*Asks:* 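This is the structure I have questions about; it appears just below.
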Amino acid sequence: MYFIDPHVHMVSRTTDDYEIMARMGCTAISEPAFWAGYDRGSVEGFRDYFRQLTDFEPKRAAAVGIQHYTWLCINAKEAENVELSREVIAMIPEFLDKPNVLGIGEIGLNKNTPNECTIFREHLELAAKTDELILIHTPHLSDKYKGTRMIIDMIKENSKIDPGRILIDHVEEHTVKLALDNGFWCGMTLYPTTKCTPARAADIIEMAGDERIMANSAGDWGPSKPTAVADFIMEMRKRGLNEAKIKKVVYENPLGFFSLSKRFQFTPPEQRGE
Amino acid sequence: MPTTRSAQEILEQDFLNMRCLILDLAAALDRIDRAEGSETIENHEQMALLQGGIDLLKQQGAGRAAQVQLHFSDQYEDGWNGK
């Protein structure tokens, strides 16, 4: 089965990972801008990172037949540096006409601090002004519930923002309904340790349904597994879910959300080649 | 979306894994008890959180996972952004 991984940080992964994902059926990925493991020192560091996301990574992905899309922002962790964050937000429009850019992301909260809220609201304003889709990071572990509620509160402050053009990511059992009931798309992030597993994600699908929901691997520089979406497919098959429902979650839903971007162009795998 | 398997099927298929998860938890608690200074953390906040989480597992009915998640979550303050 073909699938799309809508949230995977391939700058942290090897070319071998791209190839393994392609062999497992991954046909497209989207890669949000994120924290590199250290705080970058200047706006130029972000400009170079955005060049990597919009120029080099699409080529590396295309070499194994994967279509690469991306999201741009300064992440919540670095938002504590408000001055740098504002320089990055002012620079983002330089890249918004690149063909693989889907929107602004992954913005959101990390420790739910006032500075994170300030920069989150300024990213929302940029997205509203430029009519971009938004991909939102919600905090992990004990901060998640409070942070998700705060994020939704801040989105509701901005009347120009349509929840139907936003994906709230890293939802789990206690936040999935918050996202869906408020009209957002949502993503479940599968990790090998401490966070959501393929089995729990399949439980969430059974409980919350298959509308406006998708799964991703996050595949980053920490403990993570870029083939986690394939594991999720196997979990759903073991439970006897039919192939059409599985395909909806791992392929059609990401396509449905990405298609809301004015730049999104996608060639289905069965239409590639001569 | 309803589950595709009966309760009996889920129990039979998941029993060994669930048994293993309980054993992992029991062994982790034993590891703390065996370690030097275990008596000093009896009232530690994280120990109380773990005990509360274990208690939630004994509840009847679906929704335990969400309850456990909320148990380990920070408090949300309604109207925080209107201050």
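A note on names: the letters A, B, ... follow the listed sequences, proteins ahead of strands, and every chain is numbered from 1. The structure displayed is predicted, hence computed values, not measured ones. The figures here come from the full heavy-atom set of this structure, side chains too, leaving out hydrogens, waters and symmetry mates.
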*Asks:* Is it the side chain or the backbone of B:Glu9 that comes within 4.5 Å of chain A heavy atoms, both, or neither?
*Replies:* neither
*Asks:* Give me the atom names and distance for the closest heavy-atom approach of A:Cys73 to A:Gly105.
*Replies:* SG-O, 3.1 Å
*Asks:* Could you verify whether a donor N or O on one side chain and an acceptor N or O on the other, from A:Glu157 and B:Asn81, lie under 3.5 Å apart?
*Replies:* yes
*Asks:* Please rank A:Asn112, A:Val176, A:Asp143, A:Asn242 by heavy-atom pairs under 4.5 Å with chain B and give me the top one.
*Replies:* A:Asp143
*Asks:* With chain B, which of A:Lys238, A:Met150, A:Lys144, A:Arg200 has the greatest number of heavy-atom pairs at distances under 4.5 Å?
*Replies:* A:Met150
*Asks:* Quick check: closest heavy atoms across A:Ile4 and A:Pro254, and the distance to 0.1 Å?
*Replies:*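 In terms of heavy atoms, the two residues are closest at CG2-CB, 3.8 Å.
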*Asks:* Looking only at non-hydrogen atoms, find the nearest pair between A:Phe232 and A:Leu190 and report the distance.
*Replies:* CB-CD1, 3.6 Å
